[in-house]
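Presented below is the structure to which this report refers.
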Amino acid sequence: MLILIIGLSILGAFLCSGSGLFIPAVINAVLCGWSNGVNANFVRDPMNAPNWSVTVGWLTGLLSIGFIIAGLIF
């Protein structure tokens, strides 16, 4: 599941290349990979994962879908 979310963020950055949204999409992809990497350290006991990391993971996942839509429109 994590690889799918990270892949979506990379796809969003790829589709936004050549527009003004490229830099924010790349920052989103890096944050997505980082936060999901932190969450992957808590596979055995996911209830101990930090709340901020889970929140960043969800927000960057949702932003990735927005960047994909924006990349397809522009």
Side-chain angles (χ1 to χ4, degrees):
M1 183 68 175
L2 296 178
I3 205 76
L4 177 68
I5 297 170
I6 295 169
L8 285 176
S9 65
I10 292 172
L11 177 65
F14 176 74
L15 290 175
C16 288
S17 62
S19 70
L21 294 174
F22 179 66
I23 298 297
V26 169
I27 292 171
N28 182 59
V30 169
L31 283 175
C32 184
W34 174 69
S35 67
N36 286 313
V38 170
N39 290 335
N41 292 327
F42 295 95
V43 172
R44 291 185 183 176
D45 193 10
M47 295 302 291
N48 287 335
N51 290 335
W52 60 267
S53 178
V54 175
T55 303
V56 170
W58 275 100
L59 289 176
T60 55
L62 292 174
L63 279 173
S64 298
I65 296 171
F67 281 126
I68 289 172
I69 293 171
L72 290 173
I73 291 174
F74 297 121

*With sequence neighbours left out, what residues match Ser64 under side-chain hydrogen bond (donor to acceptor under 3.5 Å, both in side chains)?*
Asn28

*asked:* Measuring from atom CH2 of Trp58 to atom CG of Leu63, what distance do you get when rounded to the nearest 0.5 angstrom?
replied: 13.5 Å

*When rounded to the nearest 0.5 angstrom, what distance separates CG in Leu31 from CG in Asn36?*
10.5 Å

*asked:* On a heavy-atom basis, which atom in Asn48 and which in Phe42 lie closest, and how many Å separate them?
replied: O-CE2, 3.6 Å

*If you take all heavy atoms of Cys32 and Ser35, which pair is closest and at what distance?*
O-OG, 3.3 Å

*Please determine which of Val38, Asn39, Leu59 meets the side-chain contact (heavy atoms from CB on, under 4.5 Å) test together with Val54.*
Asn39

*asked:* Can you give me the closest heavy-atom contact between Ser17 and Phe14, atom names plus distance?
replied: OG-O, 2.8 Å

_Same cluster or not: Leu11 versus Leu72, using hydrophobic residues (I, L, V, M, F, W, Y) connected whenever any side-chain heavy atoms lie under 4.5 Å apart?_
yes

*Does the Ser53 side chain pair with the main chain of Pro50, one donor and one acceptor, at a distance under 3.5 Å?*
no

*Kindly check if the number of other-residue, nucleotide or ligand heavy atoms within 6.0 Å of CD1 (Ile3) is above 12?*
no

*With rounding to the nearest 0.5 Å, note down the distance linking CD1 in Ile27 to CG in Leu21.*
11.5 Å

_Within the 4.5 Å heavy-atom criterion, are Thr60 and Ser9 side-chain neighbours or not?_
no

*Check whether Ile23 and Phe67 end up in the same hydrophobic cluster, where Ile, Leu, Val, Met, Phe, Trp and Tyr are linked by side-chain heavy atoms less than 4.5 Å apart.*
no

